[in-house]
K.L.:
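Sending over a structure as structure tokens; questions will come in a sec.
Throughout, a chain's letter reflects where its sequence line sits, starting with A, and its residues are numbered from 1. All values below were derived from every heavy atom in this structure, side-chain atoms included, with hydrogens, water molecules and symmetry-related copies excluded.
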Protein chains: 2
Amino acid sequence: MENQVTAHEVAKLAGVSQSSVSRVFTKGASVSKETRKKVLEAADQLGYRPNEYARSLITRRSSLVGLVMKGVSNPYYPHAVKKFTAELKKKGYSVLLIDTDDVELQMQDIDALLSYHVAGVVIMDATASFQTAEMLKRFRIPAVLFNRVVPGSGLHSVSCENEEAAREIARLLIGRGCESFTYVGGREGASTHIERLKGFTEELKKHGFGCQVLPGDFTYAAGYRNGAELIESGRLTDAVFAVTDLMAYGIYDAFRDRGIRVPEQVKLVGFDDIEMSSWSPYNLSTYVHPVDRMVALSIELLLDPVRSLEDGEVHYLPGEMILRGTT
Amino acid sequence: MENQVTAHEVAKLAGVSQSSVSRVFTKGASVSKETRKKVLEAADQLGYRPNEYARSLITRRSSLVGLVMKGVSNPYYPHAVKKFTAELKKKGYSVLLIDTDDVELQMQDIDALLSYHVAGVVIMDATASFQTAEMLKRFRIPAVLFNRVVPGSGLHSVSCENEEAAREIARLLIGRGCESFTYVGGREGASTHIERLKGFTEELKKHGFGCQVLPGDFTYAAGYRNGAELIESGRLTDAVFAVTDLMAYGIYDAFRDRGIRVPEQVKLVGFDDIEMSSWSPYNLSTYVHPVDRMVALSIELLLDPVRSLEDGEVHYLPGEMILRGTT
DNA sequence: CTGAAAGCGCTTACAG
DNA sequence: CTGAAAGCGCTTACAG
């Protein structure tokens, strides 16, 4: 950074004032064609780039958006991350990556977000605590929960239409002739889990069916464990709906390892449509999120000067059922 | 950012100078116990955080490290990303995430890296071009290629000991009695592919064996295609070594779908030991990278004031063979 | 140990 | 359209 080319040096080479150099790199500022040309040439020659620190400092606006993720968890997220960085890049923002270890944002992470006074933060796969929400609100940092809803947090949420999707899955399974059902869930408290459970069991009840509910934590291992128990306890049902594809794989493998055949003996449905669901050992029927639209809406909420700081809007976007070989 | 609390306000509340406030938040600066206490209390009350833009501007040092990744590709990378963010956080750095669409860094990405004059950049899963390398060198931005080597680029590289690992895999397969071999590769030009191919074929040759080499691109789909062709063309060998686990899964599934049994009819080995390799449909024998040590060394190289800007060091770290059910 | 002051590299009124 | 100047919020010699 010691050897950084400054606007001043560009100005000297171009024979204009430093202000003019700045104007060339500030969109919306008026510069004559000739000045622009001279500046651009000098800048190119010297390899000039406006210093973003100075820029953010003086404009009091950050070009950084915080992306909070839980690192290695569901392969569903990398897709969304990619989409976010691409869309934000188009709008001139860069991404500050926060990789939390735990379910909650760490103090150190919050500090980073605040020190850079990020333009906004996207929280993925983390059950943001009220404390985090309060912190963000106190510092007036717009935030949106992606694929999560935390009622009462006042944060914006953009999710898939979980409840309705789960109802659709229930109807699908009933239509396939299933009469007994199991729901294998995710981490308690996670809205995706709660909403899918609600939609699934309610729709089943509407048709006169009950539902066995098994606890989980969104991992393959928990899926496997549940699948194994289902068999070994003799409580296997006609159909199993797993809160995520990842858990569905575990369940499927536990079934396969025990000689239970899908879909002949049991129908299986997941949620997310991550890449592996189309691989031949699984070929899983599942429900796909409208990720592109979810990302676009998240960014819209985050960057809107008015809505971004208003009370949390909760959006549920419809996805689509993907029928494959497990139903 | 309009409503940001400044050191000046903290100073006023604490009844000290703004300099003293700054010193409290600058490690290594000397402040009396009493002053520190007053400042900390005032800062806490106001929710003060040093503005990182002002700090970076005046110190001419960035607390940002660029992490370049190719988004949704091999699940091997999210692990490394998590490790990087965690280790960098410990050292006081935050991560600027660059998600490239292509194999090469885009101009816009480079610009972001330069505008923030990042302290360093880690390039993962991207075959950095010479142009990129030149750019980084011109601006004196330390860079390390993670899991890749680009000879002649002058960039630091930290990789797994690919060649020796591939030799070990060859010996393992020979030891299992295999007499004919196939190598399914990755994207042409990728050092991981080149090195693993070299080690594997050379070691086989040393023992008097040849090797059929199939082209790939690191994807599951290419693995599947190759696996299918192997069977359909009647050129199946006793053993198959895939450049990555991801490709090995595709190969395995193509075999499975065609009734070929692993490891009875063909032995299969992958590379990376990503999560799915321990799942029961695969239970894949593979080779695991020493990710923790690779990350630690990368950061060491990046942040060392001397080595960071010297000519590229190329490091190969030994990993470990993981024997599972496919061999 | 502490305060006053200079200055990092920008943007943006303010005049002209 | 353009330049001189103020100022964003910090760190860090420099005195004391």
Side-chain angles (χ1 to χ4, degrees), chain A residues 1-40 42-43 46-64 92 111 114-119 139, chain B residues 1-40 42-43 46-64 92 111 114-119 139:
Chain A
M1 211 140 154
E2 323 75 46
N3 55 336
Q4 204 190 318
V5 179
T6 67
H8 190 252
E9 297 170 54
V10 176
K12 211 160 58 180
L13 181 61
V16 299
S17 74
Q18 185 264 327
S19 316
S20 289
V21 174
S22 173
R23 287 195 184 94
V24 171
F25 289 91
T26 307
K27 70 171 175 180
S30 49
V31 218
S32 71
K33 224 171 180 167
E34 196 185 359
T35 301
R36 177 180 304 276
K37 183 161 172 283
K38 283 191 291 188
V39 168
L40 252 19
L46 299 175
Y48 171 74
R49 254 104 186 157
N51 180 315
E52 193 57 41
Y53 299 109
R55 212 209 277 265
S56 293
L57 184 58
I58 192 72
T59 60
R60 308 165 125 244
R61 265 188 281 109
S62 173
S63 297
L64 251 19
D111 274 346
L114 294 178
S115 299
Y116 286 99
H117 219 289
V118 292
F139 288 91
Chain B
M1 213 141 151
E2 322 76 46
N3 56 336
Q4 204 189 320
V5 179
T6 68
H8 190 251
E9 298 170 53
V10 176
K12 211 160 59 180
L13 181 61
V16 300
S17 74
Q18 185 265 326
S19 317
S20 289
V21 174
S22 174
R23 287 194 184 95
V24 171
F25 289 93
T26 307
K27 70 172 176 180
S30 49
V31 218
S32 71
K33 225 169 180 169
E34 196 186 359
T35 301
R36 176 179 304 275
K37 184 161 173 283
K38 282 191 293 188
V39 168
L40 252 20
L46 298 175
Y48 171 74
R49 253 102 185 157
N51 180 315
E52 193 58 42
Y53 299 108
R55 210 210 278 267
S56 293
L57 183 58
I58 192 71
T59 60
R60 307 167 124 243
R61 266 187 280 110
S62 174
S63 297
L64 251 20
D111 274 346
L114 294 178
S115 298
Y116 286 99
H117 219 289
V118 292
F139 289 92

K.L.:
Contact between A:Val5 and A:Val10 at the side-chain level, heavy atoms closer than 4.5 Å - yes or no?
P.N.:
yes
K.L.:
I'd like to know if A:Arg55 pairs up with A:Glu52 as an ion pair, taking the criterion as any Lys NZ or Arg NE/NH1/NH2 lying under 4.0 Å from an Asp or Glu carboxylate oxygen.
P.N.:
yes
K.L.:
Minimum heavy-atom separation for B:Arg49 and A:Asp111, please, with both atom names.
P.N.:
NE-OD1, 2.6 Å
K.L.:
Tell me: CD1 of A:Ile58 to P of C:dG7, nearest whole Å?
P.N.:
17 Å
K.L.:
Which nucleotide sits closest to the side chain of A:Ser30: C:dT12, D:dC1, C:dC10?
P.N.:
D:dC1
K.L.:
Which atom pair, heavy atoms only, marks the closest approach of A:Asn51 to A:Gln4?
P.N.:
ND2-OE1, 3.2 Å
K.L.:
Would you kindly say whether A:Ser32 and A:Thr35 are connected by a side-chain donor-acceptor distance under 3.5 Å?
P.N.:
yes
K.L.:
Mind checking whether B:Tyr48 and B:Phe25 have parallel, tilted or perpendicular rings, split at 30° and 60°?
P.N.:
perpendicular
K.L.:
Check the distance between C:dT11's P and A:Lys27's NZ and give it to me in whole angstrom.
P.N.:
13 Å
K.L.:
How many Å lie between CZ on A:Arg55 and P on D:dG9, as a whole number?
P.N.:
18 Å
K.L.:
Quick one: A:Asn51 CG to D:dC10 C1', roughly how many Å, whole number?
P.N.:
13 Å
K.L.:
Identify the heavy atoms of A:Ser63 and A:Gly92 that sit nearest to each other, and give their distance.
P.N.:
CB-O, 3.9 Å
K.L.:
Give me the atom names and distance for the closest heavy-atom approach of A:Arg36 to A:Val24.
P.N.:
NH1-O, 3.8 Å
K.L.:
Look at the side-chain N and O atoms of B:Ser32 and state whether any lies under 4.0 Å from the OP1 or OP2 oxygen of C:dC1.
P.N.:
no
K.L.:
From the options D:dC10, D:dT11, D:dC1, select the nucleotide whose nearest atom is closest to the side chain of B:Ser22.
P.N.:
D:dT11
K.L.:
Output yes when at least one side-chain N/O atom of A:Tyr48 is less than 4.0 Å from OP1 or OP2 of C:dC10, else no.
P.N.:
yes
K.L.:
Please determine, for the side chain of A:Ser19, which listed nucleotide (D:dC10, D:dG3, D:dC8) has the closest atom?
P.N.:
D:dG3
K.L.:
Give me the atom names and distance for the closest heavy-atom approach of B:Ala7 to B:Gln18.
P.N.:
CB-NE2, 3.7 Å
K.L.:
Ignoring the backbone of B:Ser20, work out which of C:dG9, D:dG3, C:dG3 is nearest its side chain.
P.N.:
C:dG3
K.L.:
Hunt down any stem DNA chain D takes part in, defined as 3 or more consecutive Watson-Crick or G-U pairs whose two distances are each under 3.5 Å.
P.N.:
C:1-3 with D:14-16, C:5-12 with D:5-12, C:14-16 with D:1-3
K.L.:
Quick check for you: to the nearest 0.5 Å, what is the distance between B:Ser17 atom OG and B:Lys12 atom NZ?
P.N.:
14.5 Å
K.L.:
With the side chain of B:Thr35 defined as its heavy atoms from C-beta on, choose the nearest nucleotide among D:dA5, D:dC10, C:dT2.
P.N.:
C:dT2
K.L.:
Let's see if you get this right: which residues in residues 7-15 of chain A place a heavy atom under 4.0 Å from DNA chain D?
P.N.:
none
K.L.:
For A:Leu46 and C:dG9, give me the distance from atom CG to atom P, rounded to whole Å.
P.N.:
14 Å
K.L.:
For D:dT11 and B:Thr26 - does any side-chain N or O of the residue sit under 4.0 Å from the phosphate oxygens OP1/OP2?
P.N.:
yes
K.L.:
Look at the side chain of A:Leu57 and decide which nucleotide, out of C:dT11, C:dG9, C:dG7, has an atom nearest to it.
P.N.:
C:dG9
K.L.:
Give a yes/no answer on whether the side chain of A:Thr6 brings an N or O atom under 4.0 Å of OP1 or OP2 in C:dC8.
P.N.:
no
K.L.:
Using a 4.0 Å heavy-atom cut-off, does A:Gln18 contact any base of the nucleic acid, only the sugar-phosphate backbone, or nothing at all?
P.N.:
base
K.L.:
With the side chain of A:Thr59 defined as its heavy atoms from C-beta on, choose the nearest nucleotide among C:dT11, C:dG9, D:dT11.
P.N.:
C:dT11
K.L.:
Write out a two-atom table: protein N or O, nucleotide N or O from nucleotides 14-16 of chain D, distance below 3.5 Å.
P.N.:
none

K.L.:
Using a distance-only test with no angle check, is there a side-chain donor-acceptor pair under 3.5 angstrom linking A:Ser115 and B:Tyr53?
P.N.:
no
K.L.:
Relative to the 5' end of DNA chain C, which residue comes earlier, A:Val5 or B:Val31, by the nucleotide with the nearest heavy atom?
P.N.:
B:Val31
K.L.:
Nearest whole angstrom, please: distance from the P of D:dC10 to the CD of B:Gln4.
P.N.:
6 Å
K.L.:
Would you mind classifying the nucleic acid contact of A:Arg36 as base, sugar-phosphate or nothing, using non-hydrogen atoms under 4.0 angstrom?
P.N.:
nothing
K.L.:
B:Leu64 and B:Ser62: which non-hydrogen atoms are nearest, and at how many Å?
P.N.:
N-OG, 3.0 Å
K.L.:
In this structure, how many angstroms lie between the C1' atom of C:dG9 and the CZ atom of B:Arg60, rounded?
P.N.:
9 Å
K.L.:
Please give, in whole Å, the distance from D:dT11 C1' to B:Tyr53 OH?
P.N.:
18 Å
